[in-house]
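Atoms within a ligand are numbered from 1 in the order they appear, just like the ligands themselves.
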Amino acid sequence: MNIGGIQRLSLLDYPDKTCCTIFTVGCNYRCPFCHNASIVENKLSEKGVLQDEVIDFLKRRIGILDGVCITGGEPLLQDQLESFIREIKSLGFLVKLDTNGSLPQKLRQLIETGLVDYVAMDIKNSPDSYGQTIGINNYNLDPVKESVDLLLSNRVPYEFRTTVVRQLHTSKDIQAIAQWIKGAEHYYLQNFVDSGDVMKSGLSGFSREEIQDFQELIRPIIPSVELRGI
Ligand code: SF4
């Protein structure tokens, strides 16, 4: 496992649970709005964290934390992810996985073996705007569609989420996303906030009113749509 860092306590990353968050290094996307650019591009100023250090830390958090959120980068790119999760679960922790949905076979394997308890998948944009939004021209969306269908089949608790960026998303895009993931039980619109470690400068989020307009626009399609970061 290539682990770039660990946040020892998060009250936000796992719905209704206390958790720590583990950041894996590397990603197959290059979203201009990515707020973990140094992790994605492996340009961390500090040395990473060893897998054994994480496990030792978790042993000291048994009974204190409910779960572990594994995020990135894209965690499913890590070869040893499955064995790493097995070790985490053997200590009694719940596991939440954050993914961009580009590796459906690996996602399916983790779900079918009961190794993940919650999945948060990014829907980057409408199908027509996907490539531009992830920084890859002519991107084949089929794997992402497969992951969407997998999660919509309700084999594991999940959420879809979209980080909305003024320069990348229109109300038409938001409507197209909603049609695509219709039936989703949990969908979040997250406003873009510049973390200071963003892939591309000059991007901005929307006003509270604008995001609320998006929410109202798609509520007839996805009644559960909620907002984050406003
Ligand atoms: S936003 Fe997520 S999917 Fe996009 S480059 Fe960053 S880590 Fe990868």
Side-chain angles (χ1 to χ4, degrees), residues 1-7 10 12-14 19 21-45 48-49 68-79 81 84 95-107 110 116 118-148 150-151 158-169 173-174 177 180-181 187-206 228-229:
M1 289 287 295
N2 191 349
I3 299 169
I6 178 166
Q7 183 181 340
S10 170
L12 299 175
D13 285 342
Y14 200 135
C19 72
T21 301
I22 294 166
F23 297 86
T24 64
V25 175
C27 187
N28 50 345
Y29 286 4
R30 286 294 177 274
C31 310
F33 56 91
C34 180
H35 63 278
N36 284 331
S38 53
I39 283 182
V40 165
E41 297 185 316
N42 203 358
K43 292 178 182 165
L44 295 164
S45 52
V49 183
V68 175
C69 172
I70 305 177
T71 191
E74 173 48 56
L76 290 173
L77 290 172
Q78 302 287 326
D79 285 341
L81 183 64
F84 181 52
V95 171
K96 170 180 176 259
L97 177 77
D98 289 353
T99 180
N100 61 26
S102 62
L103 297 154
Q105 290 87 354
K106 291 189 174 180
L107 180 59
L110 293 181
V116 286
Y118 191 97
V119 177
M121 179 179 158
D122 295 334
I123 305 293
K124 300 295 185 183
N125 210 334
S126 63
D128 286 348
S129 304
Y130 226 86
Q132 181 199 5
T133 310
I134 63 172
I136 302 172
N137 291 330
N138 303 316
Y139 183 70
N140 174 13
L141 202 53
D142 289 349
V144 178
K145 289 179 175 171
E146 193 177 331
S147 292
V148 167
L150 174 62
L151 292 179
Y158 71 93
E159 68 179 49
F160 294 123
R161 58 197 190 176
T162 299
T163 299
V164 287
V165 183
R166 182 174 293 280
Q167 290 77 10
L168 296 170
H169 297 89
D173 287 319
I174 304 298
I177 292 171
W180 177 13
I181 62 167
Y187 178 50
Y188 295 90
L189 293 173
Q190 308 179 153
N191 204 13
F192 169 79
V193 178
D194 192 329
S195 67
D197 186 22
V198 179
M199 200 83 77
K200 185 182 167 200
S201 59
L203 301 176
S204 52
F206 290 90
R228 279 186 183 140

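When atom types are taken as modelled, the side chain of Thr163 and the backbone of Asn191 share no donor-acceptor pair closer than 3.5 angstrom. Lys96 places no side-chain N or O within donor-acceptor distance of the main-chain N or O of Ala120, the cut-off being under 3.5 Å. The backbone N or O of Gly101 sits nowhere less than 3.5 Å from a side-chain atom of Glu146 that would complete a donor-acceptor pair. Panel note: side chain Glu74, backbone Thr99; no donor-acceptor pair is recorded below 3.5 Å.
By the 30° and 60° cut-offs, the orientation of the rings of Tyr139 relative to Tyr29 is perpendicular.
At least one heavy atom of Val40 sits closer than 4.0 Å to an atom of ligand 1. Heavy-atom distances between His35 and ligand 1 stay at or above 4.0 Å for every pair.
Ranking the protein heavy atoms by distance from atom 4 (Fe) of ligand 1 puts Cys31 SG, 2.3 Å first. Looking only at heavy atoms of the protein, atom 6 (Fe) of ligand 1 is closest to Cys34 SG, 2.3 Å.
Residue Gly73 has at least one heavy-atom neighbour below 4.0 Å for each of these atoms of ligand 1: 7 (S). Close approach of ligand 1 to Asn100 (heavy-atom distance below 4.0 Å) involves ligand atoms 3 (S).
Nearest-heavy-atom check against atom 2 (Fe) of ligand 1 across Met199, Lys124, Glu41 picks out Lys124.
Contact annotation for Cys27 and ligand 1: only side-chain heavy atoms (C-beta onward) come within less than 4.0 Å of the ligand.
The CZ atom of Arg228 lies 11.0 Å from the OG1 atom of Thr162; values are rounded to the nearest 0.5 Å.
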